[in-house]
Amino acid sequence: AHTAIEPGAIFAALAALRNHQTLGRETGAAHAAAWVASAGMIGLVREDVGRHNALDKLVGAMARAEQALSNGFVLSTARCSYEIVEKAVRAGATTLVTVSLPTSLAVDRAKSTGLSLWVLARDDEVTLVNDASA
């Protein structure tokens, strides 16, 4: 179990994310993965044309900084696949927020690992599909 994330924190992070997406603004074709503090402040963002690469870069940067992903949440512009959930879990994340619908395998994996999973994140709406918080 872990600390619950409030929808307002997700909305704040989504609003701020655009300002952190330099590559995305320049190309219109890059994914972003961000570590966000529980209150919604973005701490670190990594971008890449590959959705998996963006998350890998974030995980690596957090490890180099000796920062735990579990102290906040991961926000990803990637499609919510089993692999994205698995990477987040293996890296120590306790909450993952994505902008798309999850696959059924992604939901199953989140449930089996205790990952809170929020999906379809928009500026003013988000859906909680697995609540593993205490």
Side-chain angles (χ1 to χ4, degrees):
H2 55 271
T3 304
I5 302 300
E6 295 295 324
I10 295 170
F11 303 146
L14 285 168
L17 183 61
R18 292 172 191 91
N19 293 330
H20 293 272
Q21 290 182 270
T22 307
L23 185 61
R25 280 195 312 276
E26 290 176 4
T27 66
H31 285 286
W35 177 82
V36 183
S38 297
M41 296 184 324
I42 292 179
L44 192 61
V45 175
R46 292 295 181 263
E47 295 180 278
D48 197 282
V49 69
R51 59 193 176 98
H52 291 274
N53 293 346
L55 183 54
D56 291 343
K57 287 177 177 181
L58 176 67
V59 168
M62 292 292 290
R64 280 193 309 275
E66 299 181 0
Q67 297 290 321
L69 291 172
S70 61
N71 292 333
F73 61 95
V74 173
L75 171 61
S76 174
T77 63
R79 187 168 40 88
C80 189
S81 65
Y82 171 90
E83 296 85 1
I84 294 294
V85 167
E86 184 69 15
K87 283 180 186 223
V89 167
R90 287 185 175 253
T94 54
T95 302
L96 174 63
V97 178
T98 68
V99 299
S100 71
L101 280 171
T103 64
S104 60
L105 284 175
V107 173
D108 291 346
R109 186 64 180 149
K111 288 179 178 178
S112 71
T113 60
L115 179 76
S116 288
L117 182 60
W118 295 80
V119 299
L120 287 177
R122 302 293 186 262
D123 292 339
D124 61 354
E125 188 176 1
V126 64
T127 301
L128 178 61
V129 295
N130 189 55
D131 184 0
S133 64

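Under the rule for a side chain to side chain contact (heavy atoms under 4.5 Å, CB included), the partners of Q21 that lie at least two apart in sequence or sit in another chain are L17, R18, A32, E47, T77.
In terms of modelled atom types and a separation under 3.5 Å, the side chain of N130 and the main chain of L115 share a donor-acceptor contact. With S116 contributing its side chain and A132 its backbone, the two residues share a donor-acceptor pair below 3.5 Å.
Between R79 and T98 the shortest side-chain heavy-atom distance does not fall below 4.5 Å. Between I84 and R51, the closest side-chain pair of non-hydrogen atoms falls below 4.5 Å. Counting only heavy atoms from C-beta outward, the side chains of L105 and R109 never approach each other to under 4.5 Å. Residues S76 and L58 form no side-chain contact, since every pair of their non-hydrogen atoms from C-beta on lies 4.5 Å or further apart. Residues N71 and S38 have side chains not in contact (no heavy-atom distance under 4.5 Å, counting atoms from C-beta outward). Looking at heavy atoms from C-beta onward, R122 lies out of side-chain contact with L14 at the 4.5 angstrom threshold.
Of all heavy-atom pairs between A110 and V85, the closest is N-CG1, 3.9 Å. A pairwise comparison of heavy atoms in H31 and G50 identifies CD2-C, 4.3 Å as the closest pair. Residues I10 and A121 come closest through the heavy atom pair CG2-CB, 4.3 Å. Across all their heavy atoms, H2 and T95 have their closest contact at NE2-OG1, 3.3 Å. Shortest non-hydrogen contact noted between V49 and A29 is CG2-O, 3.4 Å. Nearest heavy atoms, G72 versus W35: N-NE1, 3.7 Å.
Under the 4.5 Å side-chain contact rule for hydrophobic residues, V59 and I42 do not share a cluster. Linking Ile, Leu, Val, Met, Phe, Trp and Tyr residues whenever their side-chain heavy atoms come within less than 4.5 Å leaves V36 and L55 in two separate clusters. No continuous path of ILVMFWY side-chain contacts below 4.5 Å connects L23 to V45, so the two sit in separate hydrophobic clusters. When the side chains of ILVMFWY residues are joined at heavy-atom separations under 4.5 Å, either directly or via intervening members, L75 and W118 end up in a single hydrophobic cluster. A continuous path of ILVMFWY side-chain contacts below 4.5 Å connects L96 to V89, so both sit in one hydrophobic cluster.
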Report task. Check the pair C80 / V129 against side chain to side chain contact (heavy atoms under 4.5 Å, CB included), numbers first and verdict last. Result -> CA-CA 12 Å; C80 189; V129 295; over 6 Å; no

Requested in this report: For the pair E125 and L120, evaluate side chain to side chain contact (heavy atoms under 4.5 Å, CB included) and give the outcome as yes or no after the intermediate values.
Outcome: CA-CA 8 Å; E125 188 176 1; L120 287 177; over 6 Å; no

